[in-house]
Each structure stands twice: as C-alpha cells, then as structure tokens.
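Only one structure is covered here, and it is reproduced in the block below.
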2 protein chains.
Amino acid sequence: MVAVVETSPTPRRKLSRAERRLQLIEATISVIAENGFARTTLGEVAKRAGLSHGLANFHFESKDKLLAATLEHLSDEYRANWQAALAVAGPHPADRIAALIEADFTPAICTADRLAAWCAFWGEAQSRPMYQDVCGQNDEEYQGVLEGFCRDLLADGGYGGDAVRVARVLRVTTEGVWLDLMTLQSPYSRDEARATVLAAAAAFFPRHFGPDGRLAGT
Amino acid sequence: MVAVVETSPTPRRKLSRAERRLQLIEATISVIAENGFARTTLGEVAKRAGLSHGLANFHFESKDKLLAATLEHLSDEYRANWQAALAVAGPHPADRIAALIEADFTPAICTADRLAAWCAFWGEAQSRPMYQDVCGQNDEEYQGVLEGFCRDLLADGGYGGDAVRVARVLRVTTEGVWLDLMTLQSPYSRDEARATVLAAAAAFFPRHFGPDGRLAGT
DNA sequence: AGATTCTGATTGAACTGTCAATCAAAATAC
DNA sequence: GTATTTTGATTGACAGTTCAATCAGAATCT
C-alpha cells in the first residue's frame, strides 16, 4: 500500500520531507478509497501511515491542503502516465489515440484505490473549488490533445463527425467504465472495461480500430 | 429550490407525513448539491426546509436513513422518467433508444441540483453498501432494457458490434457528460451534452441516427 | 574523533467547535 | 381528550487544530 520505507521496527526520522509527504498522501488515497470522502479523518490517515496525527498538520498545514495535495498528486501522476505513453507511441493519430486509451488502463494507474479516490474527488468537485483549481488545467490539456488526434484521424481517414464530440465520448467513456468498476453490483474486468472504450473507438474509426483495438497496417 | 410549501409565516403542521418526508428529501438534495456529501448536516437540511433539526431524526430515524431515502427517491424518479418516455415512444428499437437518451436530458431530471447529488452519491458508492442496495436493481434494469434495444437494432440494421458494450458506451457517455457538467471549468450546455450522446449513437447506428438525433423514415 | 550545539521532525495531550442523536415539553390534529 | 407532530435545549462523541516537550540526526567546535 505505502510505497515507501516504513519496514524496520525503528524507521523513525529516516525519510526526507518529500518522502514523508508522499507517504501521507498515499495513506490518504488509501483511506479515501476505503472510507469515502466524508469519513476520511486525519487520525485514520496518520494511523495508516504509522505516524501520529499531529504530523499531518505539520507537513500540510490543514486537512484541506492535505486533500488538495493528494488530488494534485493523482492528477500529476495521471498526466505523466499518458504523456509517457505518447512518447513511445507511433506518429499516426490512430496509434496515438490507441496509446492514450491503453494508458488509462495501465496497472499502475488503474488500481482500485486510485479509481475510488478519483470518484470520491469527482463527487465533491461541485461544492469545492479545489477540484477545478487543481485538475482544471490538466483536464483541459488532455481533452485538447485527444481532440487534436481525433481531428487528424477524422480528416486522414475520411470519416464524418465532430472531433470535439468524438474526443469527449472517448474520454467520458473511460471515466464512465471507471465509475462502473466502483459502483456496479457485479463489476466487469479491467480488460472488459478497456474493450468497451475500444468498441467506441471502433465505432468512430472503423477502418483503424477493431473489436480488439488498433488495426494493423493502416 | 424546495418544491413544497414553506411559504406562510406559520405553515406548521400543514403537511402530511409523506409530504413532510418529501420536503426533507428535497432539502437534502439541495444541501448535498451545494455543500457536498462531507459537509451535509442535519441542521442545514432542517434549516433549508424551514424546520427544526429534531424533525429529521423524527421522520427518518437517522442521518444514514435520510440519505438512503434521498437516494431512493432520486433512483425511483429516474426510473419513472425513462419508463414514461418509453411508454409514448414508437416501437422501433431506434425510436426507443432515442427516447431513453432524450429522457436523460428532460429538464425535470437534468437539473443542476439533481446532477450534483447523483455525483455525490457516486463518489461515496465505493465505501458504503447503500448505493448498491438502493440503486443496484434499478441500474441493472436500465442496462438490461437498453441492451435489448441495442441488440434489436444491431440485428435489424445489419450492424456489427457487441450489444452489451454498445449499450454500456451509451449509458456511461450519458453519465460522463453529466459529470462534465459538474466538474468542468467551463461546462458546455445541456443541448451539447445531449448532442454528444447522440454522436455516439450515430457512430454505432449510422443509418438510424444522425448528428441531430434519430433519422426519420427508417 | 568525540563532545556540544542546533535544527526541525515528531509526539501526544489539550482545546475548541461541531454534529448526530435524545428527550421532555409544547403545539397541533383528530 | 388522546395521539401525533414539532420544537429547541441538552448531551456525548468525535474531529481538526494548536502547542509545548521530546528526540534523532546534522553541523559545528575542540
């Protein structure tokens, strides 16, 4: 769960400032995933990190700022993930769209804890400016990049349709299947979730995407 | 905001049991929409309904049960809405799919308060059995009905594709654009949201749906 | 190297405010 | 008159925040 040390019986005071912050953020993700936003307390976060509850306020000044830092961590991590995927993807717009979809289901990103935390933040987004402050820019960047690839592929492939709406469908379908994995009584697998997004891509770009993803040789 | 009385200076004891419960539920929706789940208190709910705070516990036994009743109200209302839309829709599967999509954007259902409340409940769904207990059956019924129409239209129109995944894309696209309306920095309009879902339908069923919805004469 | 000082991370108790739940009394309906 | 609904004060628990004391490790001195 916690990505850092916290192993030996006396690991105290071993971690740097940044590592300690990260440890508390990971603990926060875990608590939010398990208890929900409304029942996330500093005490539980500290307990899960094996630290005293005063520390959270020492490192983050307030509960709100800890939550904001947690969301920022998730958002930056997400952005770094899709940008890394694009860096090794082919130049064709279909390759780049396929890379973006695939990136959303990377095991490192698409974990139960992280998905649950994302959903919890979305649920609170309406009532707190925090979400838009932290994620607004990253979200717009992602939508813009995906829109560009969709525009290219629509033109390149001679497809009809509006790039903005196509990109939006692909993005919200991903978010939607994530939500399904959290809220459904009997959720389907991560592979089925990815296949669902690819089915949408195949509907918009039938000569570049098939039921199993990117079609070769185009 | 509140759909019921609360007008004259002394409206006390005017409403029946069911009406009073509904009044408290509407106030709860309003508070959740404005403050989020984590900051929803019984005191604020009662205040918004113009009642004293002891009443919430009198009519619903506990805060949890008030929240569950609120979710149940939303879920039943949603179900009644799409079933009413189906009752007046044509028999062709494309007509029925179009009716379901249209129903999701009815002004009575697709209000800022209700959307925000739905998102808040989704955010808490992972950590409380409440959501699945209350909505699981309705959600499965909706998915099953939509799947049936998709299966019929895929066969009838000679389309390729998997009915389960097509239905899932249409459903989560609707949920996704709802979420967008809540979380985006500069959200688009309800009409644009509906057009986005219709764009997805047009991708799967190009001979039955166009950019502006259901195509006539098919 | 060993002793001393300094820094700032860490703890845990105390304080404060808030909220859900309870309940006795008042108001209202039947 | 009796039953039901409503009020508003009270209670107890709990969470966020503050803070003084502690302590580990780094830096400095001899």
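It should be emphasised that the depicted structure is a prediction, and the values quoted were computed from it without experimental measurement. First the proteins, then the strands, lettered A, B, ... as listed; each starts at 1.
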Measure the shortest side-chain to side-chain distance between Leu86(B) and Phe149(B) over non-hydrogen atoms and say whether it is less than 4.5 angstrom.
yes
Identify each donor-acceptor pair in which a side-chain atom of residues 97-105 of chain B lies under 3.5 Å from a protein atom, sequence neighbours left out, and give them as a table.
residue   : atom : partner   : partner atom : Å
Glu102(B) : OE2  : Arg194(B) : NH1          : 2.6
Asp104(B) : OD1  : Tyr78(B)  : OH           : 2.7
Asp104(B) : OD2  : Tyr142(B) : OH           : 3.4

When rounded to whole Å, the CD to P distance for the pair Glu19(B) and dT5(D) reads 13 Å
With a 4.5 Å limit on heavy-atom distance, are the side chains of Phe121(A) and Leu74(A) in contact?
yes
Between dT18(D) atom P and Leu55(A) atom CG, what is the distance in whole Å?
15 Å
When rounded to whole Å, the CZ to P distance for the pair Arg17(B) and dC30(C) reads 13 Å
Would you kindly give the CZ-to-P distance between Phe60(A) and dT10(C), to the nearest whole Å?
11 Å
Interatomic distance, Phe37(A) CZ vs dA15(D) P [rounded to whole Å]:
16 Å
Sub-4.0 Å heavy-atom contacts from residues 121-130 of chain B onto DNA chain C, ordered by number
none
Please list, chain by chain and in numerical order, all residues satisfying side chain to side chain contact (heavy atoms under 4.5 Å, CB included) with Ser75(B), sequence neighbours excluded.
Trp118(B), Cys135(B), Asn138(B)
Sugar-phosphate or base contact per nucleotide [nucleotides 18-25 of chain C; S, B, -; heavy atom under 4.0 Å]:
-SSBB---
Output side-chain donor-acceptor pairs under 3.5 Å for residues 31-42 of chain A, partner residues at least two apart or in another chain, one line each.
residue  : atom : partner  : partner atom : Å
Glu34(A) : OE1  : Arg48(A) : NH1          : 3.2
Thr40(A) : OG1  : Gly36(A) : O            : 2.7
Thr41(A) : OG1  : Glu44(A) : N            : 3.1

Will you find, in the side chains of Arg168(A) and Gln143(A), an N or O donor that is under 3.5 Å from an N or O acceptor?
no
N-O pairing of Arg128(B) and Asp64(B) below 4.0 Å
yes
Please report the distance, rounded to the nearest Å, between NZ in Lys47(A) and C1' in dG12(C).
16 Å
Using the salt bridge (charged side-chain N to carboxylate O under 4.0 Å, His left out) criterion, which residues pair with Lys65(B)? Sequence neighbours excluded.
Glu61(B)
